[in-house]
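A short write-up of the structure that comes next.
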Amino acid sequence: MTEAEILGAFTRILRDLLGDQSIVLTMDTRREEVPNWDSFGYVTFIVAVEIELGVNFGIAEVESFANVGAIVRRTEALLPPS
Amino acid sequence: MLFNSYEFLFAFLPVALAGFFLLGSVSRVWAIRWIIVASLIFYALWRPLNVLIIGPSIFINYALARSLQHLGQEGKVRSSRVVLMLGIAFNVAFLGYFKYANFLAGAVNDAFGVGLVLERIILPLGISFITFQKIAFLIDVQARRVTTFTVQDYCLFVLFFPQLIAGPIVHYREMMPQFRLAPCKPDPEHLAVGLTLILFGLFKKVVLADGIAPLVSGIYDGAGAAGAVSLLPAWMAAIGFTLQIYFDFSGYTDMALGTARCMGIRFPPNFNSPLKASNIIDFWMRWHMTLTRFLTAYVYNPLALSLTRRRMASGRPGFVGRSATMGAFLSLLVFPTLVTMVVSGVWHGADYLFIAWGFVHGVYLTVNHGWRLVVRRLWPDRGLYDRIMRPAGVVLTFVCVAAAMVLFRSPTVQSAVVLLKGLFGGFGVALPAPLYDRLGRLPEWVQSAGPTEVLGAYYEFKPLFLWIVGLGAIVFACPNTLQLLAPYEPALGFRTGWRAPGLGGRELVWRPTLIWVIVMSIVAFVVALHLGGKSEFLYWQF
C-alpha cells in the first residue's frame, strides 16, 4: 500500500468510527484538530487500523505518534512489502 | 516555600534567575548546574528530609535508565522489558509506601478489625508528580524515544523547581531540547511573558481563590458538625469550591509556566478553561491536561488496547463505530475508563473520597461516550444538535463537575454524605432570611404541598453568592491567560487566541503596550495588597 492508500483507509475508518463524513485527514492532521477524536476514540481507531490492515503497533509507540503522518509511516513500515 | 510567599517572590526567584543568567553568560553547563542546586534548595526548604528520601530514588531510576539504554543498544528487547517492569514496580512501590501504606493499614483494620499499627510515614512533597515523571522517562528510554542523556540532564528533568511540586507532568523529550537551546541570558520577551503569567497566576490565587475559600470552608465545616445542610447552601458549597479550586490550580499553573518561561522554557499546556467544556470528555482534555495525558498513555491505552486485541482474537465483535455491541462497550470502554479514573482518584490521595470522586468521573465519562453512540442515531441533524446541546452541555458538565467536587473537598466521609444528601434536597430548602421574608405565604404553601421543608437561613448567603457570580463571570466570559498571551506561545504549541464578541473579529491579546502596562500594574497592586497569606495551593498536597 502507498502512503496515499493508507491515508485513504485511515480517513474511511475514522469517518465510520466518529460518524462524521466530513472528516478529511492529511499527513499533518493532529488528533486535537478533529472534532470528537478524543483519547478514547484514538485507541479504538488504532485497533481498527490493526484489524483492517493486519498490523500490530507496540503499546508504547501508540502514545508517541505526533500526527496522522507518523501513524501512516509506521503502518507502511509494518506492512509486508507488496 | 510557597509560590505566593514573600520568600519565593522576592528572594528565591530573583536569586535563582540572577544566578542562572550570570553563570549562563559564562557557561551553559554551570547555569544548568545552578538551577539543579537551586531546585534542591527549593525542595529542601520545605523539609530537608525530603531530599534524603527522593535523592536515592532518583539515582536508582537513573541506573535503571542506563541499563535500559544499554539493553536497547544491544537489541535485548526481552531483557529491557523485564528491567522496565522492575523499574515501574519500584516506583509504584516507592509511591505506595509513602503515600498509601497508612491508608491500606486503615482499610484492613476497617475491614477485618485486626488493629494494624504503622508509624506515621512522612509524605515527601510532590511525590506523586515526581514518580509519574520518572516512570514516563523509563518507558521513553525503553521505547528508545530517549537515546542519550546524562546524570545532569536527568537531575534537571526530575528536579526543575517550577514544576517540582505540582507539575505540569512533563516528558523528557519535550523539555531537554529546550534546555539545550535556552539562551541562559535575560531575554526581554521571555521575561515579560513569564512575569505576566506569574502576576496573573498570583492574582488568581491570592485574590480570587483565597477570597472565596473561607466562605466555602464555612459550609463544609458546618455540614460535618451540624449533620445537615439544606439545598441552597449545599449547591453553593459545591459550586463555590469548584470555582475556588479552578482559580487555585489555574493560578498555580500560570505561575509554574511563568517561572519556567523567565528562563526561556515552555511547559506543555495544563489548564485551558475546563469549565467552558461542553461535555465531560472535553472537560478532561482541559483540566490538568498533563495528568490526563499521562493516565491515557500509560493506563488507559495499554488496558484498552490489550482488551480490544484479546476480544478480537477470540472472534467477538470489537468496539468500532456504529456496530458497537453492549458487551464490547462494557468491556472495552466502560471497564478501562473506570479503572483509569479510579487510578486518577487514588493518585490524588489515599482516601475513600478521592477513590469515589475518580469513580464518579469514570461513570460520567462512560455515560458521555454512551450518549455519543446513541445520539448519532437519535439526532442525526448535527448542526441543530450543536446549537442546542452545546450550551446545555456546558451547564450540565458544570453541574456534574461541581457535584463531584463535594467528594474532593469534604473533610470526612460523613460530611460528604451530608452534603450530597443536601444537594438532592434531603435536608429541605433553606432560603436567606431577607428573601424568605418577602415570599409571603409561598413557603407555607410549599410546605403543605409536599415533604419539602422550607427553613430560614443561617449562613452567609450574600457574600458567597456575590463571589460565585463574580468568579462565574470571569470563568465564562473572559479569555484565559494562555489565550491572552497566545502570540507569544505561553505553553508548548499553544497559539490560539480569543476573539471577543464585539471586537469585530479581532483577537484580545496581551501586548507590551502602555495599556497593558497600566492593566498589569493594577493587577500587581491588587496582588501586593493580598500577599503574605500562608494558604497553600490545593494541588501541592498531592
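FYI, side chains are in, hydrogens and waters are out, and symmetry mates aren't considered; it's all heavy atoms of this structure. Every chain is numbered from 1 and lettered A, B, ... according to where its sequence line falls, protein lines coming before strand lines.
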Residue part contacting chain B, namely of [X], when any heavy atom lies under 4.5 Å:
{"X": "Leu14(A)", "value": "neither"}
{"X": "Phe57(A)", "value": "both"}
{"X": "Glu50(A)", "value": "side chain"}

Verify the neighbour count for atom CZ of Phe359(B): are there more than 12 heavy atoms of other residues, nucleotides or ligands below 6.0 Å?
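For Phe359(B), atom CZ is not crowded (no more than 12 foreign heavy atoms under 6.0 Å).
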Answer yes or no: does atom CZ of Arg173(B) have more than 12 heavy-atom neighbours from other residues, nucleotides or ligands under 6.0 Å?
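Atom CZ in Arg173(B) is packed in, count exceeds 12.
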Measuring from His171(B):NE2 to Ser64(A):OG, what's the distance to the nearest 0.5 Å?
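Reported value, rounded in 0.5 Å steps: 9.5 Å.
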Give, for atom OG1 of Thr44(A) and atom CG of Leu332(B), the distance between the pair rounded to the nearest 0.5 Å.
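Those atoms lie 8.0 Å apart.
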Heavy-atom pair of closest approach, residues Arg145(B) and Glu61(A):
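So the two residues come closest at NH1-CA, 3.8 Å.
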Pick one of side chain, backbone, both or neither for Leu305(B), based on which atoms fall under 4.5 Å of a heavy atom in chain A.
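Contact with chain A involves both backbone and side-chain atoms of Leu305(B).
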Check whether Ala143(B) gets within reach of chain A through its side chain, its backbone, both or neither, counting any heavy atom under 4.5 Å.
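Just the side chain, heavy atoms under 4.5 Å.
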